[in-house]
Amino acid sequence: MKTIKTQVAIIGAGPSGLLLGQLLHKQGIDNIIIERVTGDYVLGRIRAGILEQGFVDLVREAGVAERMDAEGHVHEGVVISVNGQDHRINLKELTGGDVVVCYGQVEITRDLMEARAAAGLETLYEASEVQPHDVKSDSPYVTFSHAGEEFRLECDYIAGCDGFHGVSRQTIPAEIRTEHERVYPFGWLGLLADTPPCHEELIYAKSERGFALASQRSATRSRYYIQVPLTDKVEDWSDEAFWDELKKRLPPEAAANMVTGPSLEKSIAPLRSFVCEPMQYGNLFLVGDAAHIVPPTGAKGLNLAASDVATLYKILTRVYKQGDKDCTSQYSEIALRRVWHGERFSWWMTNMLHNFGEEIGGNGLDGQTFTRFMESELDYFLNHENGRRVIAEQYVGLPYEDPK
Ligand code: RFL
Ligand code: PHB
């Protein structure tokens, strides 16, 4: 067994792990990342597209914003369409200046990977049997196999940035963990194509046929989603069938503007709300999807990962710069406060915009009554300025909280 040492061991080289690693490095804090798959595999995951201001600021603080600032598109508004009728939420006006930036998760991940490589920081890709140990002690370590060799990575702290299926969360004993979960009775079928977007801003569309989202990656690349039953398989959907269904769900003008083309990627994502409490155990901290999942309707997943990173990075900076070890105890409480706001918003948007049929998830209502409540909720929030402001403030992202 080969023993190596660092200050912070990071498990997972997704956006959470890479951003945390970069920010810690900027503060002179050593870190090593251990990743299960290859870098190319990580870059093959087509996911988020919308970044909150807080995320953008954090990427700038990490010194990796050059391409995002040049190529990302600022969106000052977003459209919510209900049965073909458009309601524009003017984010900038309603929030007093805040906007979101449209820049893909793949791009931000690539920028972070390149910056890490350029700084000569260590990332061990294709590691297997990754396992944290002694996380309650002052000398935790992680064991794993890499390139045919067994490793023991000794460290002060472990950041579990290993996504929903990672090992970090399972390291917290079951009797200490509380897991909250809602699995929705449908998924999103997504399609990526090299065609110009059908509208300059995102359109979240509720229709009798189900939800649809018109998103984008650039002036020449579109990303679209439609709600599908969980029983559907990607193979059931030809590109042509996807485009036909999408046009029926989007507002008529957007459908008329739609340029179709062959899919570059097509996949189905199930929708889930999930929170693990607490988000820390001894010297192990859970970050991002390792601790929480949201349905993509609010565009919050990656953004919540970023606020966890911001909190942990500030806490660890204080530990190493000021010797204030006690401040680590604040992590879970600060992170969870913001996580629950994002969870609530994503759950609410999902409830209002999807077609639930008869399945409403056990809050004691029949399907039709639930549908009526949600229609009325949308009607109220979209047709009153205060209602639109409530949506706008959460869509651009609530403020980050600093440790005390
Ligand atoms: P990731 O991206 O899952 O990365 C975790 C990494 O850990 C590795 N790993 C391990 N490494 C070592 N040992 C192990 N035992 C390991 N087990 C796993 C994995 O290989 C992986 O590389 O989690 P992270 O970094 O926390 O990032 C979270 C985001 O990826 C996620 O929240 C977003 O993609 C969610 N999301 C969206 N978020 C937004 O903020 N805005 C959006 O518009 C948005 N749209 C989306 C989304 C997610 C989607 N899907 C497919 C779930 C749209 C979709 C369709
Ligand atoms: C995306 O572009 O992939 C995207 C945008 C907004 C969402 C979800 C996904 O709410």
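Order of listing sets the numbers, starting from 1, for every ligand and every atom in it.
Within 6.0 Å of CD on Glu253 lie no more than 12 heavy atoms contributed by other residues, nucleotides or ligands. In the displayed structure, Glu240 atom CD is contacted under 6.0 Å by at most 12 heavy atoms of other residues, nucleotides or ligands. Annotation for Gln170: atom CD counts as buried by contact number, over 12 foreign heavy atoms lying within 6.0 Å.
The residues Arg389 and Glu393 are annotated as not salt-bridged, no charged nitrogen and carboxylate oxygen being separated by less than 4.0 angstrom.
Ligand 1 has no nitrogen or oxygen under 3.5 angstrom from a nitrogen or oxygen of Pro296. For ligand 1, the polar-atom distance check against Gly17 finds no nitrogen or oxygen pair separated by under 3.5 Å. An N or O contact shorter than 3.5 Å is missing between Arg223 and ligand 1 by distance. Residue Asp289 has at least one nitrogen or oxygen atom sitting less than 3.5 Å from a nitrogen or oxygen atom of ligand 1, judged on distance alone. Some N or O of Ala299 is nearer than 3.5 Å to an N or O of ligand 1, by distance alone. Taking only nitrogen or oxygen atoms, main chain and side chain alike, Tyr225 does not reach within less than 3.5 Å of ligand 1. In terms of N/O distances under 3.5 Å, ligand 1 is approached by Gly301.
With a 4.0 Å cut-off on non-hydrogen atoms, Ile34 touches ligand 1 through its backbone and not its side chain. When non-hydrogen atoms are compared, ligand 1 lies under 4.0 Å from the side chain of Gln105 (C-beta onward) but not from its backbone. With a heavy-atom cut-off of 4.0 Å, Ile11 touches ligand 1 through its side chain alone. Contacts between Val130 and ligand 1 below 4.0 angstrom, taking non-hydrogen atoms only, involve the side chain exclusively. Here Val42 has side-chain heavy atoms under 4.0 Å from ligand 1, and that is the only part of it that gets that close. Neither the backbone nor the side chain of Ser267 comes within contact range of ligand 1; no heavy atom lies under 4.0 Å.
Residue-ligand proximity, Pro15 to ligand 1, at heavy-atom distances under 4.0 Å covers atoms 2 (O), 25 (O), 27 (O). Proximity to Gly288 (heavy-atom distance under 4.0 Å) selects the following atoms of ligand 1: 26 (O). For ligand 1, the atoms closer than 4.0 angstrom to any heavy atom of Gly163 are 3 (O), 5 (C), 23 (O). Every atom of ligand 1 is numbered from 1 in the order shown, and the set under 4.0 Å from a heavy atom of Asn303 is 40 (O). Atom numbering of ligand 1 starts at 1 in the shown order; those under 4.0 Å from a heavy atom of Cys161 are 5 (C), 6 (C), 7 (O). Every atom of ligand 1 is numbered from 1 in the order shown, and the set under 4.0 Å from a heavy atom of Gly166 is 17 (N). Atoms of ligand 1 found under 4.0 Å from any heavy atom of Val37, numbered from 1 in the order shown, are 20 (O). Close approach of ligand 1 to Val167 is summarised as follows: ligand atoms under 4.0 Å from at least one heavy atom of the residue are 15 (N).
Cation-pi geometry between Arg182 and Tyr184 is met: under 6.0 angstrom from the ring centre, within 45 degrees of the axis. For Arg36 and Phe144, the positive end is not near the middle of the six-membered ring at less than 6.0 Å and at most 45° from its axis. Figure legend: Lys300 and Tyr395 shown as a cation-pi pair, the cationic atom lying under 6.0 angstrom from the six-membered ring centre and within 45 degrees of its axis.
In this structure the side chain of Ile29 reaches within 4.5 angstrom of the side chain of Thr317, judged on heavy atoms. With contacts defined as side-chain heavy-atom distances shorter than 4.5 Å, the pair Val82/Asp379 does not qualify.
Here the options are Trp188, Tyr225, Phe186, the test is ring pair (Phe, Tyr, Trp, His ring centres under 6.0 Å), and the partner is Phe211; only Trp188 passes. Among Val74, Leu202, Leu91, Val78, the one residue that satisfies the side chain to side chain contact (heavy atoms under 4.5 Å, CB included) test with Val100 is Leu91. For the ring pair (Phe, Tyr, Trp, His ring centres under 6.0 Å) with Tyr331, the lone residue among Phe285, Tyr157, Tyr281 that qualifies is Phe285. Screening Glu61, Gln22, Lys26 against Tyr313 for a side-chain hydrogen bond (donor to acceptor under 3.5 Å, both in side chains) leaves a single residue, Glu61.
With respect to atom 37 (C) of ligand 1, the closest heavy atom belonging to the protein is Ala48 CB, 3.2 Å. Protein heavy atom in closest approach to atom 38 (N) of ligand 1: Leu302 N, 2.8 Å. Nearest protein neighbour of atom 26 (O) of ligand 1, counting heavy atoms only, is Ser16 OG, 2.7 Å.
Classified by interplanar angle (parallel below 30°, tilted 30° to 60°, perpendicular above 60°), the ring pair Phe242/Trp237 is perpendicular. Taking the six-membered ring for Trp and thresholds of 30 and 60 degrees, Phe356 and His354 have ring planes more than 60 degrees apart, a perpendicular arrangement.
Every residue two or more places apart in sequence or in another chain that forms a side-chain hydrogen bond (donor to acceptor under 3.5 Å, both in side chains) with Asp57 is listed here: Gln53.
Taking CD1 from Ile226 and NZ from Lys248, the interatomic distance works out to 10.5 Å, rounded to the nearest 0.5 Å.
Among protein residues, Arg47, Gly49, Ile50, Trp188, Leu202, Tyr204, Leu213, Ser215, Arg217, Arg223, Tyr225, Pro296, Thr297, Ala299 come within 4.0 Å of ligand 2, judged on heavy atoms.
No heavy atom of Gly190 sits closer than 4.0 Å to any atom of ligand 1. The closest approach between any non-hydrogen atom of Glu52 and ligand 1 is not below 4.0 Å.
Looking at Gln394 and His341, their side chains never bring a donor and an acceptor atom within 3.5 Å of each other.
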